[in-house]
Protein chains: 2
Amino acid sequence: MSTRDRIVGEAMRLFWEKGYASTSINDILKAADANAGSLYHFFPGKQDLLCAVLDTYQSGIRPMLLEPAWAGIDDPIERIFALLARYRQLLIDTGCTYGCPIGYLALELHEPDPVVRVRIAANFDGWVDAIEECIAAARDRFPADVDPRRLAHFVLTTMEGAVMQARTYRTIETFDQSIAELRRYFNALQQTAGAPKPKGRKK
Amino acid sequence: MSTRDRIVGEAMRLFWEKGYASTSINDILKAADANAGSLYHFFPGKQDLLCAVLDTYQSGIRPMLLEPAWAGIDDPIERIFALLARYRQLLIDTGCTYGCPIGYLALELHEPDPVVRVRIAANFDGWVDAIEECIAAARDRFPADVDPRRLAHFVLTTMEGAVMQARTYRTIETFDQSIAELRRYFNALQQTAGAPKPKGRKK
DNA sequence: GTCTATATACGGATAGAC
DNA sequence: GTCTATCCGTATATAGAC
């Protein structure tokens with residue numbers, strides 16, 4: 001594994017565990033067993049390293065996040081909740097301390113440089129894209145006026161808000177309850193899908 | 001206005017605008033037109049000042065947040081959405097940069113001292129209490145198996161998640177859409193309230 | 001591309017006169 | 001309770017040999 005990859009990987013882990021501001025260049029160097037000269041050879045500064053981390057997250061959404069979460073699950077709606085269950089497991093594994101690394105950075109960096117902000121937004125977009133695909137695949141279970149992308153953003157809203165509370169209360173309870181409410185919302189939407197529009201239903 | 005109050009007030013503003021870590025003691029001193037000696041006369045350290053800020057937020061929930069938001073609004077469910085509209089206005093007024101100061105701190109402080117974390121949780125609790133009261137006041141509009149506190153936490157979940165996205169995308173659109181989905185969920189719950197439990201309905 | 005030593009600034013916190 | 005000067009650690013970043 002190259003020095004560059006080690007630096008990016010350890011930075012990714014440390015930004016997640018300690019936050020961006022609280023992680024010093026020295027922390028990263030020690031964890032990656034590298035020297036300052038190496039880091040500044042690859043990156044002009046700390047922020048550029050952050051950009052590399054965010055790019056790595058983005059390109060990892062499908063192979064590292066979605067594919068493991070969706071293995072063996074075919075129903076598109078169940079895939080949504082399987083993804084949310086991954087975040088639940090992440091919280092459980094860390095004593096409800098670490099949740100979504102992107103959401104964390106999104107709030108920690110108050111007025112980030114545009115180069116950083118667009119990358120955070122791109123990560124959210126990639127996540128929402130995946131949820132939207134699931135909803136679109138189950139399109140005929142929902143009322144016609146349900147907007148798949150809007151609903152997908154709402155799933156992200158729920159996940160991030162639920163993670164925030166789990167972290168604050170250091171308990172999985174509020175997370176589970178928020179996901180349960182989201183599930184109930186999905187059920188309610190699907191129940192009302194058939195009745196109001198009995199026109200042109202396929203098959 | 002006392003020096004102490006000026007220090008707490010400016011710290012509150014700066015923590016909100018720049019974050020806790022990025023706000024230096026010197027920033028606060030300059031903004032409050034005070035000296036280091038004064039600050040350390042009132043507070044042992046920066047974290048104690050943060051605690052004072054969080055206590056101020058908590059005691060201000062009703063007079064500073066709920067009462068203005070609820071002025072002239074009697075319907076308990078409309079009160080919930082009126083409160084959410086306050087956060088919307090906050091985002092609008094700041095170019096979608098600053099949202100809920102508590103949620104911000106909740107994610108910025110990764111592993112905060114227990115003294116800090118319990119104060120963040122207390123702020124969330126106070127907020128959820130208010131929402132729960134609204135839902136409880138409209139209890140008979142919802143199905144019997146709706147848990148008012150659980151649903152109240154879900155409102156907080158939605159608000160915080162929606163604010164996070166508004167900040168990231170620098171647009172009010174995703175915020176509005178998330179609130180619209182929450183409204184739709186509330187409507188769906190209320191529509192199903194009458195039918196499944198026609199027993200002992202009052203009046 | 002890797003290493004050590006270091007420049008330079010700023011952080012939180014303190015001392016002690018007034 | 002207020003003020004100035006300052007300690008001391010750590011931060012990001014750089015210089016320059018290898």
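Quick note on labels: first sequence line is chain A, next is B, and so on, each numbered from 1. Everything numeric here is computed off the predicted structure, so don't read it as measured data.
Exactly one residue among A/Phe154, A/Phe81, A/Phe142 makes a ring pair (Phe, Tyr, Trp, His ring centres under 6.0 Å) with A/Tyr185. That residue is A/Phe154.
With a heavy-atom cut-off of 4.0 Å to chain A, the contacted part of DNA chain D has its first and last nucleotide at D/dA11 to D/dT14.
Residue contacts shown for A/Ser22 are absent, as no nucleic acid heavy atom lies under 4.0 Å away. At a threshold of 4.0 angstrom between heavy atoms, the contacts of A/Ala34 with the nucleic acid are absent.
Put simply, CG on A/Asp33 is 10 Å from P on C/dT4, counting in whole angstrom units. Following rounding to the nearest Å, B/Ile28 (CD1) and C/dA13 (C1') show an atom-to-atom distance of 13 Å. Per the geometry, CG belonging to B/Asp48 stands 12 Å off C1' belonging to C/dG12, to the nearest Å.
Here the closest non-hydrogen pair linking B/Thr168 and A/Arg117 is O-NE, 3.1 Å.
For the pair A/Glu108 (side chain) and A/Tyr20 (backbone), a donor-acceptor distance under 3.5 Å is present. Judged by distance alone, the side chain of B/Arg6 and the main-chain N or O of B/Ala32 form a donor-acceptor pair under 3.5 Å. With B/Ser178 contributing its side chain and A/Thr157 its backbone, the two residues share no donor-acceptor pair below 3.5 Å.
Other residues, nucleotides and ligands place no more than 12 heavy atoms under 6.0 Å from the NZ atom of A/Lys30.
Of the residues in residues 2-15 of chain B, B/Thr3 come within less than 4.0 Å of DNA chain D through at least one heavy atom, sorted by number.
Using a 4.0 Å cut-off between charged side-chain N and carboxylate O, B/Glu10 and B/Arg13 make a salt bridge.
Within the 4.0 Å cut-off from OP1 or OP2 of C/dG12, not a single side-chain nitrogen or oxygen of B/Asn26 is found. Applying the 4.0 Å criterion to OP1 and OP2 of C/dA13, one finds that B/Tyr40 has a side-chain N or O inside that range.
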Problem - Step-by-step side-chain hydrogen bond (donor to acceptor under 3.5 Å, both in side chains) determination, B/Gln89 to B/Asp93 - result: CA-CA 6 Å; B/Gln89 192 58 46; B/Asp93 292 344; 2.9 Å; yes
